[in-house]
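Data first, discussion second: the structure below is written as structure tokens.
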Amino acid sequence: MALKITVIGTGYLGATHAAAMAELGFEVLGLDVVPEKIEMLSAGRVPMYEPGLEELLRKHVAGIEGSTGRLRFTTSWEEVGEFGDVHFVCVNTPQKHGEYACDMSYVDAAFASLAPRLTRPALVVGKSTVPVGSADRLAALLDERAPGDVELAWNPEFLREGFAVDDTLHPDRIVVGVRSEAAEKLLREVYATPVAEGSPFVVTDFPTAELVKTAANSFLATKISFINAMAEVCEAAGGDVAKLAEAIGHDERIGKKFLRAGVGFGGGCLPKDIRAFMARAGELGADQALTFLREVDSINMRRRGHMVELAREAVGGSSFLGKRVAVLGATFKPDSDDVRDSPALNVAGQIHLQGGQVTVYDPKGMDNARRLFPTLGYADSALEAVRGADVVLHLTEWREFRDLDPAELGEAVTTPIILDGRNALDPDQWREAGWTYRAMGRPRA
Ligand code: UDX
């Protein structure tokens with residue numbers, strides 16, 4: 001009999017995990033407390049933009065013509081408790097309002113709702129990103145409140161938005177924190193396909209499993225802030241950070257990836273994870289170990305202000321009043337509609353608040369951007385956004401923007417100045433078409 005799997009929380013992580021588990025051949029039941037989400041998913045629709053996810057969902061959701069029928073959704077905790085051999089908890093852990101620490105209320109609520117419904121033997125597997133020590137606490141809660149034979153494991157998730165399906169089906173590593181061989185055996189069964197394809201399977205204890213996730217994200221954030229710090233020095237010294245990144249990246253110990261200087265990192269993970277990590281280290285008395293993350297965070301936030309200053313300089317140096325600023329990009333990265341803590345929207349918002357007339361265009365993030373910043377101007381295309389602009393800001397590196405025709409855009413603007421906040425456009429192409437091209441950390445032509 002194939003294992004029966006439940007997935008609790010159907011956001012980015014949960015919806016992708018549920019569809020991937022069905023793809024691996026398991027019977028899957030997804031739960032969310034928001035009925036509208038369950039209605040959408042049951043109809044084979046995904047509440048966010050993620051390449052390939054809707055197709056995968058439709059391939060498996062019961063009731064859709066031609067589907068395997070292996071994937072269903074519910075709002076009933078009783079149904080989940082009766083159904084699953086393995087329960088994956090995938091709810092989110094956002095930053096607490098006004099604090100660095102992360103908000104564990106969704107995780108705590110999920111465990112509190114699930115525990116008393118676990119009437120048969122089950123493995124509960126935490127996937128949410130949590131402060132180290134949470135798994136120990138949640139295991140004790142299960143011991144106390146679950147009526148059946150129930151165990152906990154911790155299995156952090158490393159998926160990237162925009163590549164979520166691929167990262168889930170072909171993970172570059174699987175990390176499991178377990179307390180028994182039985183739990184390890186069950187998780188090896190769940191992940192048999194990716195392990196057979198070569199994904200490393202790392203078995204560890206609870207605290208290490210929890211720390212692997214926050215350590216990985218802290219390292220990535222540090223790499224980005226490192227290259228952005230180099231960009232600041234390059235600007236002061238007249239160097240070229242893109243060349244510098246290429247050259248140091250040839251050293252295999254450093255590597256080329258995550259060394260793209262620009263307006264910095266955003267999104268629902270890196271910023272809040274490094275802050276929650278600092279907060280937790282402080283609680284544990286190890287705050288000194290992570291003070292460097294404060295610097296990583298401030299280098300990153302400084303990028304946004306620096307982009308605003310470059311834009312101010314481009315429109316004459318003093319004020320944005322009466323100036324038209326086009327912003328290409330609203331999402332925190334391309335191939336996603338996620339605008340959480342997006343550097344692009346942050347820059348757009350700052351310029352707007354300083355009196356600039358800002359018009360934003362993004363291929364997929366318009367609805368979310370409008371909800372978050374209803375007072376900004378929005379256009380239906382890049383060409384529309386740049387019409388009459390005194391300066392154009394390229395802040396999210398969508399392929400669509402790389403494919404733009406600088407000559408065509410040049411005819412629409414008032415002044416052909418482009419500031420490339422992602423170091424992703426071809427400077428020669430824009431300069432040849434008559435534009436003044438500037439990028440962060442690179443020499444002016
Ligand atoms: C991240 C981690 O990569 C992933 O493993 C974890 O599970 C969740 O958090 P994600 O938030 O999807 O994933 O985005 P990621 O691709 O890591 O990019 C984060 C931010 O860094 C984006 O705003 C991106 O534009 C920026 N970035 C990335 C840079 O500024 N420069 C780079 O070189 C790379």
Side-chain angles (χ1 to χ4, degrees), residues 221 224-242 244-245 259-266 271 294-333 339 341-362 369 372-373 375-377 385-386 388-397 401 413-425 427 430-431 435-445:
I224 301 170
S225 278
F226 174 82
I227 202 64
N228 281 329
M230 293 305 110
E232 288 185 15
V233 179
C234 279
E235 278 184 27
D240 181 340
V241 73
L244 182 145
L259 284 182
R260 218 179 42 255
V263 280
F265 60 81
R294 222 172 267 282
E295 200 51 47
V296 166
D297 201 2
S298 51
I299 291 169
N300 190 54
M301 296 312 280
R302 218 154 55 218
R303 304 309 286 163
R304 304 173 182 192
H306 185 50
M307 181 42 92
V308 174
E309 290 321 311
L310 287 179
R312 190 197 312 283
E313 193 186 305
V315 298
S318 54
S319 147
F320 285 109
L321 282 176
K323 301 293 181 186
R324 297 173 90 94
V325 179
V327 171
L328 302 182
T331 54
F332 84 102
K333 67 190 264 187
V339 299
D341 201 359
S342 164
L345 275 190
N346 181 300
V347 168
Q350 287 192 51
I351 296 176
H352 168 73
L353 289 173
Q354 292 178 38
Q357 288 177 46
V358 181
T359 308
V360 180
Y361 167 71
D362 187 278
L372 197 66
F373 273 108
T375 49
L376 292 176
V386 306
D390 296 298
V391 62
V392 178
L393 275 49
H394 173 245
L395 300 183
T396 314
E397 68 279 32
F401 299 148
V413 296
T414 298
T415 322
I417 303 179
I418 183 144
L419 305 180
D420 186 359
R422 290 296 184 180
N423 268 312
L425 302 174
W430 286 78
R431 285 180 181 142
W435 286 76
T436 300
Y437 171 94
R438 280 213 64 193
M440 302 173 100
R442 299 181 84 175
R444 297 162 194 242

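The first residue of the sequence shown is numbered 1, and numbering continues consecutively from there.
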Val315/Phe320 under side-chain contact (heavy atoms from CB on, under 4.5 Å): CA gap, chis, key distance, verdict: CA-CA 7 Å; Val315 298; Phe320 285 109; 3.9 Å; yes
Can a donor-acceptor pair be found, under 3.5 Å and without considering hydrogens, that links the side chain of Ser342 to the backbone of Ala344? yes
Donor-acceptor check, side chain of Arg422 to backbone of Leu395, threshold 3.5 angstrom: yes or no?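 Yes.
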So which heavy atom on [X] is nearest to which on [Y], and how close?
X: Arg303; Y: Val263; answer: CB-O, 3.5 Å
X: Pro343; Y: Gly266; answer: CD-CA, 3.9 Å
X: Cys234; Y: Leu244; answer: SG-CD1, 4.2 Å
X: Gly264; Y: Asn300; answer: CA-OD1, 3.1 Å
X: Val413; Y: Ala389; answer: CB-O, 3.7 Å
X: Ala330; Y: Thr396; answer: N-OG1, 3.6 Å

Less than 3.5 Å apart, which donor and acceptor atoms pair up between the side chains of residues 437-445 and the rest of the protein, not counting sequence neighbours?
from   : atom 1 : to     : atom 2 : distance (Å)
Tyr437 : OH     : Asp420 : OD2    : 2.7
Arg442 : NE     : Asp240 : OD1    : 3.3
Arg442 : NH1    : Asn423 : OD1    : 3.3
Arg444 : NH1    : Glu313 : OE2    : 2.9
Arg444 : NH2    : Glu313 : OE2    : 3.0

Within the structure provided, determine whether Leu419 and Val391 are in side-chain contact (heavy-atom separation under 4.5 Å).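 Leu419 vs Val391: side chains touch.
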Does the pair Val339 and Phe373 meet the rule for a side-chain contact (heavy atoms from CB on, under 4.5 Å), with working shown? CA-CA 10 Å; Val339 299; Phe373 273 108; over 6 Å; no
Value rounded to 0.5 Å, distance of [atom1] in [X] from [atom2] in [Y]:
X: Glu232; Y: Ile227; atom1: CD; atom2: CD1; result: 12.0 Å
X: Ile418; Y: Trp430; atom1: CD1; atom2: CH2; result: 4.0 Å
X: Arg302; Y: Asp297; atom1: CZ; atom2: CG; result: 11.0 Å
X: His352; Y: Thr375; atom1: NE2; atom2: OG1; result: 3.5 Å

Phe265 and Asn228: side-chain contact (heavy atoms from CB on, under 4.5 Å), yes or no, with the steps? CA-CA 10 Å; Phe265 60 81; Asn228 281 329; over 6 Å; no
With sequence neighbours excluded, give me every salt bridge (charged side-chain N to carboxylate O under 4.0 Å, His left out) pair touching residues 316-333. none
Would you tell me whether Gln350 and Asn346 have side-chain atoms, one donor and one acceptor, within less than 3.5 Å of each other? yes
Polar side chain donor-acceptor pair, His306 to Glu235, under 3.5 angstrom: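 Short answer, yes.
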Take Leu345 and Leu376, measure what side-chain contact (heavy atoms from CB on, under 4.5 Å) needs, and give me the verdict at the end. CA-CA 9 Å; Leu345 275 190; Leu376 292 176; 4.0 Å; yes
